[in-house]
> 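Take this structure first; my questions come after.
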Amino acid sequence: MRKILLILFTIHCSLFSFAQPNWVKNASKSVFTLKTFAADGSLIASSNGFFTGTNGEAISSFTPFKGAVRAVVIDASGKEMNVSGMIGANDMYDVAKFRVAGKTRPLSMAAGIAQSGENVWLLPYLETKGLKNGIVRKAETFLQDYAYYTIAMQAPEQAISSPLLNDNGEVIGILQPAASGADSLCYAISARFADSLKVTGLSINDPTLKLTQIRMEMPESLDDANLMMYMAGASTDSATFARLISEFIQKFPAAPDGYAYRAQFATSYGDFASAERDMKEAIKLSAHKDNEHFNFARMIYNKEIYQANMPYENWSLDKALSEAREAWNINPVPAYRELEANILYSQKNYAEAYDRYIELTKTNMVTAETWYCASLCKGQLKDTTAMLALLDSAMNMFSKPYLKQAAPYLWARANAKFNTKKYREAVSDMNEYEQLMAADVNANFYYIRHQAEIDGRLFQQALNDITQASRMEPKNTFYLAEKASLELRVGMYDQASETANEIKTLEPDNSDGYLFLGLSQCMKGKKNEGLVNLQKAKELGYPQADELIEKYAK
């Protein structure tokens with residue numbers, strides 16, 4: 001009896017293995033072989049895959065794409081198609097989605113997850129007679145909607161990346177490598193997961209997609225495409241960025257953004273005529289023309305400020321002003337007014353620029369920079385009282401204790417106070433600036449503060465600062481000369497002599513060393529020695545040496 005059952009089971013399995021589903025012939029037309037190539041044309045890898053869409057969408061393993069610069073697929077009819085771009089990739093699960101150039105016939109995708117015990121079929125490329133049947137042993141869910149399958153079936157190694165289909169001819173998974181060639185189990189990752197891969201705005205920096213040199217597709221959504229362009233502008237070379245701009249325009253021909261990108265790119269190479277044509281097209285296509293007029297105004301303004309050595313007769317600050325005002329007339333956005341104010345300032349129309357900046361202080365766009373720009377206008381108009389008041393307003397935008405964001409405005413106010421002879425107030429601001437920027441202040445800062453301290457008759461502080469400047473740049477004889485000069489001024493003759501000798505050691509042909517050494521000696525009553533050094537300073541080119549020699553020779 002046991003033998004009879006065994007014979008019947010064997011016959012059943014034999015019949016079942018040859019009973020191919022009726023969808024096999026059509027499904028086999030969707031399976032292909034994939035070949036990837038290195039830069040020198042050599043073959044990197046050969047694998048399988050299948051189409052998932054009618055416009056060339058396909059999935060396979062990602063490993064063959066690593067290091068590849070070109071790839072092709074060969075379909076069931078023997079037709080070769082180039083891989084035109086990567087749509088997505090996942091290195092952890094070793095799957096990739098890509099596009100080939102041409103219309104394709106996709107497999108139907110199963111809507112849900114195949115359950116344990118379900119019948120599945122492995123469909124290798126051009127091997128319908130080698131169609132293999134297996135049973136789902138386990139379906140481990142990940143990311144809620146997808147599964148990693150364990151299949152009771154021994155699959156040949158050359159079938160990796162082939163599709164696994166259910167009895168209805170719907171693909172459920174993509175075959176992955178088995179633990180060993182003799183393993184009676186095989187494994188598959190959800191085909192829907194591989195097909196869900198897509199390019200996003202952040203994909204330009206995707207470390208997985210960077211492993212292949214095959215170009216990345218432009219995202220499907222305009223928002224994602226704009227984000228990609230923004231990211232690419234800071235992370236790609238000019239040739240790649242130019243290609244992305246062309247692909248953006250090709251994919252979104254009715255969007256103004258692509259023409260604006262191309263215009264900006266053209267200006268960086270001095271092709272202002274092309275930039276102008278593209279900006280006019282962007283304005284024409286835009287539903288928000290104020291934004292494009294603003295972009296055009298800013299482009300012209302930046303060109304006139306930073307590329308003034310490359311004249312283009314159609315562009316000027318007047319043209320930039322006209323575009324900025326057109327943007328404002330369509331939609332009164334404070335940013336448009338700010339650009340107008342910047343243009344007016346560049347035209348040296350300080351009074352009108354001031355009015356625009358003050359107008360901005362009454363909006364929600366007011367910042368410390370707004371007050372600072374207004375102060376610059378008053379400075380140019382020689383109204384120093386108003387200038388200082390506006391700088392106070394800039395600082396009032398911050399609360400104590402100050403953060404580093406306040407430092408530029410604190411420094412600006414310190415310099416303004418210095419220039420208006422409010423020396424001690426200037427020193428006070430510089431002291432606060434030092435506290436904020438302790439790790440960044442350099443020798444020049446201490447030199448400038450020492451000047452303010454001298455004029456404010458804060459001699460000890462001035463001596464401390466010029467000494468600090470000298471410590472930070474010990475080979476800078478300019479700071480040593482300033483230090484020696486101040487030491488003489490406060491009667492520190494011995495210290496001045498030491499500083500003068502430092503200058504002589506560093507630069508034997510520098511007249512300053514002999515000048516300050518001679519002066520310190522004369523002031524201590526050592527006139528003979530001092531006059532010798534003053535004479536040496538004269539020989540080295542010090543212009544006022546004769547006057548000093550005459551003074552101390554008496």
Side-chain angles (χ1 to χ4, degrees), residues 27 30-31 34 45 47-53 57-66 86-99 106-124 132-157 159-181 183-212 216-217 219-221 224:
S30 301
V31 183
L34 167 72
S47 188
N48 304 290
F50 51 95
F51 298 119
T52 61
E57 299 92 339
I59 59 177
S60 182
S61 301
F62 178 63
T63 296
F65 287 99
K66 293 179 180 180
M86 302 299 297
I87 299 174
N90 185 289
D91 202 18
M92 177 183 294
Y93 291 107
D94 193 23
V95 286
K97 185 175 182 181
F98 52 95
R99 190 182 306 279
L107 288 176
S108 296
M109 199 74 63
I113 295 174
Q115 300 302 307
S116 178
E118 283 192 30
N119 198 43
V120 293
W121 301 84
L122 174 65
L123 181 62
K132 284 185 170 290
N133 178 235
I135 301 294
V136 176
R137 280 280 184 87
K138 189 188 301 182
E140 299 172 271
T141 304
F142 68 97
L143 297 178
Q144 297 183 331
D145 295 325
Y146 309 114
Y148 191 84
Y149 296 106
T150 301
I151 311 294
M153 178 174 62
Q154 187 173 6
E157 185 178 350
I160 298 303
S161 301
S162 296
L164 283 164
L165 300 95
N166 60 22
D167 283 336
N168 296 323
E170 299 167 327
V171 61
I172 65 160
I174 177 170
L175 186 68
Q176 297 203 306
S180 68
D183 198 340
S184 61
L185 298 176
C186 65
Y187 306 91
I189 189 74
S190 170
R192 285 192 302 111
F193 170 70
D195 195 45
S196 72
L197 297 172
K198 64 180 182 179
V199 178
T200 70
L202 299 175
S203 295
I204 197 74
N205 292 322
D206 185 337
T208 297
L209 287 170
K210 284 185 175 182
L211 295 175
T212 180
M216 182 188 311
E217 280 205 349
E220 290 297 321
S221 81
D224 266 338

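Because the structure is a prediction, the values reported are computed rather than measured. Along the sequence shown, residues are numbered consecutively beginning with 1.
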> By ring-ring contact (aromatic ring centres under 6.0 Å, His included), which residues pair with Tyr93, not counting sequence neighbours?
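Only Phe142, Phe193 meet the ring-ring contact (aromatic ring centres under 6.0 Å, His included) criterion with Tyr93.
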> Going by atom types only, do Asn133 and Asn119 share a side-chain donor-acceptor pair under 3.5 Å?
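Yes, a side-chain donor-acceptor pair sits under 3.5 Å.
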> Rounded to the nearest 0.5 Å, how far does CG of Leu175 lie from NZ of Lys132?
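Separation between the atoms: 11.0 Å.
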> What's the separation between atom OG in Ser203 and atom NZ in Lys198, rounded to the nearest 0.5 Å?
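One finds 9.5 Å between OG of Ser203 and NZ of Lys198.
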> Which heavy atom of Ala188 sits nearest to which heavy atom of Leu164, and what is that distance?
CB-CD1, 3.2 Å
> Using a distance-only test with no angle check, is there a side-chain donor-acceptor pair under 3.5 angstrom linking Glu140 and Tyr149?
no
> Out of curiosity, Leu211 CG to Thr63 OG1, how far, rounded to the nearest 0.5 Å?
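Answer for the CG-OG1 pair, Leu211 versus Thr63, is 10.0 Å.
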> Please walk me through it: do Trp121 and Asp167 pass side chain to side chain donor-acceptor pair (under 3.5 Å)?
CA-CA 7 Å; Trp121 301 84; Asp167 283 336; 2.8 Å; yes
> Answer yes when Asp91 and Lys66 have at least one side-chain N-carboxylate O distance shorter than 4.0 Å, and no when they do not.
yes
> Compare all side-chain heavy atoms of Met86 with those of Thr212 and state whether any distance is below 4.5 angstrom.
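Answer yes - side chains close enough.
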> Give, for atom CG of Leu197 and atom CZ of Phe62, the distance between the pair rounded to the nearest 0.5 Å.
10.5 Å
> Apply side chain to side chain donor-acceptor pair (under 3.5 Å) to residues Asp224 and Thr200 and explain how you reach the verdict.
CA-CA 6 Å; Asp224 266 338; Thr200 70; 5.3 Å; no
> Which pair of heavy atoms, one from Pro106 and one from Gly53, lies closest together, and at what distance?
CB-N, 3.3 Å
> What pair of heavy atoms forms the shortest contact from Tyr187 to Pro177, and how long is it?
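So the two residues come closest at CD1-O, 4.0 Å.
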> Give a yes or no answer on whether the side chain of Arg192 reaches the backbone of Gly173 with a donor-acceptor pair at less than 3.5 Å.
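No, because the side chain of Arg192 does not come within donor-acceptor range (under 3.5 Å) of the backbone of Gly173.
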> Answer yes or no: is there a side-chain heavy-atom contact under 4.5 Å between Pro163 and Val31?
yes
> Can you tell me how far apart CD1 (Ile87) and CG (Leu209) are? Round to the nearest 0.5 Å.
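Answer for the CD1-CG pair, Ile87 versus Leu209, is 11.0 Å.
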> So, the side chain of Asn166 versus the backbone of Val171: is there a donor-acceptor pair under 3.5 Å, distance only?
no
> Please step through side chain to side chain contact (heavy atoms under 4.5 Å, CB included) for the pair Met216 and Asp206, ending with a clear verdict.
CA-CA 10 Å; Met216 182 188 311; Asp206 185 337; 5.5 Å; no
> For a 4.5 angstrom cut-off between non-hydrogen side-chain atoms, does Gln176 reach Tyr148?
yes
> Applying the side-chain contact (heavy atoms from CB on, under 4.5 Å) test to Leu34, which of Ser61, Ser60, Ser161 qualifies?
Ser60
> Taking the side chain as every heavy atom from C-beta outward, state whether Cys186 and Gln154 have any atom pair closer than 4.5 Å.
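With C-beta onward as the side chain, the pair stays apart.
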> Please enumerate all residues that pass side-chain hydrogen bond (donor to acceptor under 3.5 Å, both in side chains) together with Thr141, with sequence neighbours excluded.
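Applying side-chain hydrogen bond (donor to acceptor under 3.5 Å, both in side chains) to Thr141 gives none.
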> Does a side-chain heavy-atom distance below 4.5 Å link Thr208 with Met92?
no
> Please tell me if the side chains of Ser190 and Ile172 come closer than 4.5 Å, counting only heavy atoms from C-beta onward.
no
> Let's go through Ile174 and Phe50 carefully: what are the C-alpha distance in whole Å and the side-chain angles of both, what is the deciding distance for side chain to side chain contact (heavy atoms under 4.5 Å, CB included) to 0.1 Å, and is it a yes or a no?
CA-CA 9 Å; Ile174 177 170; Phe50 51 95; 4.1 Å; yes
> Within this structure, what is the CD1-CG distance for the pair Ile151 and Leu122, rounded to the nearest 0.5 Å?
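It comes to 9.5 Å.
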> Hey, which of Asn90, Asp195, Thr52 is the one that makes side chain to side chain donor-acceptor pair (under 3.5 Å) with Lys97?
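Looking at Asn90, Asp195, Thr52, the match for Lys97 under the side chain to side chain donor-acceptor pair (under 3.5 Å) is Asp195.
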> Check residues 108-118 and write down every donor-acceptor pair under 3.5 Å in which the side-chain atom is one partner and the other belongs to a residue at least two apart or another chain.
from   : atom 1 : to     : atom 2 : distance (Å)
Gln115 : NE2    : Ile113 : O      : 2.9
Ser116 : OG     : Arg137 : O      : 3.1
Glu118 : OE2    : Gln115 : N      : 3.0

